[in-house]
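Each remark here refers to the structure printed beneath this line.
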Amino acid sequence: MNINPSYESIGSIFEQNILLEVPKYQRYYAWDDEQIDDFIKDIKNAYNHRRAGKSIQHFFGGIVVVKKTVPGSTRQQRELIDGQQRITTAILLIVSVINKLQSLINSDNKDNIEYFINQLRTRYLTYPDRINRIPMPVPKLVLSNADNQFFDDIVNFRALNDTRDSHKKLNKAYKKLLKLVDEVVDNIPDIDGKLDALSDFDNVINTDCTIIFIDADTRESAFKLFQVLNDRGAGLTEGDLLKSKTLEVLEKHFPVKQESLQISWDSILSDEPKQVETFLRYYFASVCGYRVGRTTMYDEYLSKFFPKLVDNDELTEETDAIHLCDTVSTLLDEMKRYKKINNGEWPYPVAQPITEWERNRLFVLVNYLNFDIVYPLLMAATYLNQKKFFEIVYILEKFMFRYKSVCNFGHQKLSEIFMSESVKIRNNPNEYRTSSLRSQLKNILDSECNDAIFKVNLSGLRYRQTGGNKTLKYFFSMLECHLDWYNAGAVGKPRPQTNSITAYENISIEHISSQSPDVPQLFSGDDVHKLKNLTILTPTENDNVGNKTYTDKKSTYLISCYKINKYFENVDEWIIPKSNEWQEYIADFACKVFTV
């Protein structure tokens with residue numbers, strides 16, 4: 001390994017006209033608020049010392065680069081293997097200085113400020129190259145494919161559209177640096193003082209911010225250094241590492257396929273890193289039938305999905321390269337399916353015989369009730385026809401509410417069942433029967449959450465004065481949409497009314513015996529908030545009844561748009577025995593609805 005380290009200031013690297021380019025297989029811009037705020041703190045410290053005439057040097061760590069040849073040019077081009085976050089943020093500070101300078105231009109200082117701006121652009125942003133003797137200005141810092149156009153828009157003050165997570169982070173960093181410069185300069189009254197302050201920001205980057213500049217002779221040497229300096233990807237996501245590995249092995253023999261693969265990875269990694277990691281974990285569980293290790297995702301993904309890449313730095317067979325691209329393409333397709341599920345969007349074209357009410361069950365399951373344990377199974381179930389997909393969604397919705405929301409049992413065995421069913425579906429979607437899932441969940445309910453246990457736990461449901469009471473709203477809405485079926489004798493499978501979608505914002509929890517201390521209290525302590533004293537009304541209806549007595553509220557119940565309140569037609573007074581009867585009624589009702 002031949003390396004040439006040197007102690008440099010950030011500005012000196014750019015003054016030497018060393019041009020930096022982030023390789024296509026490297027990560028995107030990833031600094032969050034914490035890193036940006038630390039950077040700003042360091043810059044402010046160096047700036048304040050310089051303003052006080054006591055300039056200091058602040059060490060920003062190591063930068064690892066490797067030489068890259070540009071055909072037809074003699075420029076000093078380097079691939080930036082490690083350090084892009086620091087270098088990019090430093091350049092964003094310079095762009096913020098230029099932005100402030102432009103705002104200060106008037107007829108008296110125009111030439112002076114434009115000269116200053118041109119100096120900054122020449123030093124940090126643009127190099128006047130000649131390629132095959134043709135003049136061609138090129139940027140001194142080029143980011144990854146996914147980020148470079150957005151970064152270039154910032155540098156050239158174009159309108160910004162931050163659609164990717166990395167774009168949002170670049171934009172946020174830029175705004176924070178703009179704010180830093182504004183706060184310092186706007187407090188200085190005279191134009192000369194403002195220009196001196198902006199010059200000191202330049203001097204901080206140009207002179208005071210220092211690095212160890214490590215110029216490696218080969219990419220292999222650079223990556224070994226990168227791994228040592230970063231403790232094998234500390235700060236990198238597993239997705240970044242997988243992207244880097246899969247692109248690297250195509251570099252030598254399959255550059256066209258590498259470009260295609262790059263586009264797929266850009267799409268996969270476009271979201272916030274935590275969401276990408278979550279997807280990768282769900283997908284692994286859905287395909288493999290077991291969870292990937294907490295710290296071994298990269299190695300397990302290579303072993304399971306990219307076995308040809310294990311202990312291999314390049315692919316030479318086209319069939320292997322094609323298979324690699326197909327695998328990543330499948331990963332992208334699965335990411336799209338996951339995102340639809342995560343957003344509660346029906347992952348099929350809207351068509352009969354599935355109704356809007358049935359399609360909405362997915363939103364209820366994953367967004368309203370927030371059951372994330374079901375994701376691996378739902379991702380696999382998208383390979384079934386949409387009728388079977390709905391059956392699985394509805395089975396899960398009712399089971400999870402009964403078993404988890406109400407009875408609060410553990411989910412370890414559920415996770416194993418869901419992952420096992422996922423593998424069954426993926427192995428043979430055309431032959432899969434939902435009865436496989438249904439029978440296993442029914443056995444769990446029969447043994448752990450039978451009607452008697454369910455009723456006991458239902459009696460413990462209570463109104464939360466500081467919460468959204470999603471569980472109660474969902475519970476009563478399900479009874480409401482099954483009311484006709486239940487009143488007709490509850491024959492056969494539960495049949496909900498599917499002609500309208502429940503708007504949960506149009507449900508409010510009503511205390512039948514008022515919470516108000518101005519009304520005689522039927523219940524002591526917390527019992528007033530329990531299920532036996534609750535029903536539902538619309539918010540308007542609830543406002544109308546206020547804290548009235550039951551006798552005064554009854555007429556509103558009977559004309560409520562929620563027909564379950566017709567129950568109170570023969571209830572003349574609200575006393576403890578009547579509240580117990582109401583509890584028993586809705587508990588019996590629930591036992592018939594929440595089945596699989």
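Along the sequence shown, residues carry numbers from 1.
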Determine the minimum heavy-atom distance between [X] and [Y], stating which atoms define it.
X	Y	value
Ile43	Leu93	CG2-CD2, 3.8 Å
Ser96	Leu177	OG-CB, 3.5 Å
Thr88	Gln84	OG1-O, 2.6 Å
Ile354	Arg359	O-NH1, 2.8 Å
Leu441	Leu396	CD1-CD2, 4.4 Å
Leu19	Pro139	CD2-O, 3.8 Å

Main chain of [Y], side chain of [X]: is a donor-acceptor contact present, judged purely on distance under 3.5 Å?
X	Y	answer
Thr434	Glu391	no
His167	Ala146	yes
Asn443	Ser439	yes
Asn385	Lys387	yes
Lys168	Asp162	yes
Arg130	Thr74	no
Asn367	Asn342	yes
Ser244	Leu241	no
Arg75	Thr69	no
Lys140	Thr122	yes

Evaluate the ring planes of [X] and [Y], with Trp represented by its six-membered ring, and classify them as parallel (under 30°), tilted (30 to 60°) or perpendicular (over 60°).
X	Y	answer
Phe39	Phe60	tilted
Trp357	Phe390	perpendicular
Tyr403	Phe409	tilted

Hey, what do you get for [atom1] ([X]) to [atom2] ([Y]), rounding to the nearest 0.5 Å?
X	Y	atom1	atom2	answer
Leu269	Ser264	CG	OG	10.5 Å
Ile263	Gln258	CD1	CD	11.5 Å
Phe418	His411	CZ	NE2	10.0 Å
Asn312	Glu314	CG	CD	7.0 Å
Tyr375	Leu365	OH	CG	8.5 Å
Asn156	Arg121	CG	CZ	5.5 Å

| Is there a side chain to side chain contact (heavy atoms under 4.5 Å, CB included) between Asp271 and Lys339 once you walk through the steps? | CA-CA 10 Å; Asp271 289 305; Lys339 288 171 75 170; 3.0 Å; yes
Would you call [X] and [Y] a side-chain contact if the rule is heavy atoms closer than 4.5 Å?
X	Y	result
Gln262	Trp265	no
Thr382	Ile341	yes
Ser405	Phe594	no
Pro494	Lys398	yes
Glu317	Lys308	no
Phe254	Val249	no
Asp266	Arg164	yes
Leu309	Leu315	yes

| query | Checking side chain to side chain contact (heavy atoms under 4.5 Å, CB included) for the pair Tyr174/Asn99: CA distance, chi angles, key distance, verdict? | reply | CA-CA 11 Å; Tyr174 179 46; Asn99 178 77; 4.0 Å; yes
Basic-acidic side-chain contact under 4.0 Å: [X], [Y]:
X	Y	result
Glu334	Arg426	yes
Glu421	Lys424	yes
Asp152	Arg158	yes
Asp333	Arg337	yes
Lys304	Asp299	no

Are there more than 12 heavy atoms of other residues, nucleotides or ligands under 6.0 Å from atom [atom1] of [X]?
X	atom1	result
His253	NE2	yes
Arg123	CZ	yes
Lys404	NZ	yes
Glu345	CD	yes
Lys442	NZ	no

Can the ring centroids of [X] and [Y] be said to lie less than 6.0 angstrom from one another?
X	Y	answer
Phe284	Tyr290	yes
Tyr283	Phe305	yes
Phe306	Tyr301	no

| query | When you look at Tyr29 and Thr89, which way does the side-chain hydrogen bond (donor to acceptor under 3.5 Å, both in side chains) test go after all the steps? | reply | CA-CA 9 Å; Tyr29 188 80; Thr89 309; 2.8 Å; yes
| said: I need the single residue from Lys243, Lys169, Gln85 that forms a side chain to side chain contact (heavy atoms under 4.5 Å, CB included) with Tyr28. Which is it? | reply: Lys243
| task | Check the pair Phe14, Ile91 against side chain to side chain contact (heavy atoms under 4.5 Å, CB included), reporting the backbone distance first and the verdict last. | result | CA-CA 10 Å; Phe14 288 96; Ile91 295 302; 3.7 Å; yes
| field | Residue pair Asn145, Glu259: steps toward the side chain to side chain contact (heavy atoms under 4.5 Å, CB included) verdict | value | CA-CA 10 Å; Asn145 287 1; Glu259 289 295 327; 4.2 Å; yes
Got a list of side-chain donor-acceptor pairs under 3.5 Å for residues 318-327, not counting sequence neighbours?
from   : atom 1 : to     : atom 2 : distance (Å)
Glu318 : OE2    : Lys257 : NZ     : 3.2
Thr327 : OG1    : His323 : O      : 2.8

| said: Before you tell me yes or no, could you show the steps for Tyr368 and Tyr474 under ring-ring contact (aromatic ring centres under 6.0 Å, His included), namely the whole-Å CA-CA distance, both residues' side-chain angles and the distance that decides it to 0.1 Å? | reply: CA-CA 9 Å; Tyr368 193 76; Tyr474 169 78; 7.1 Å; no
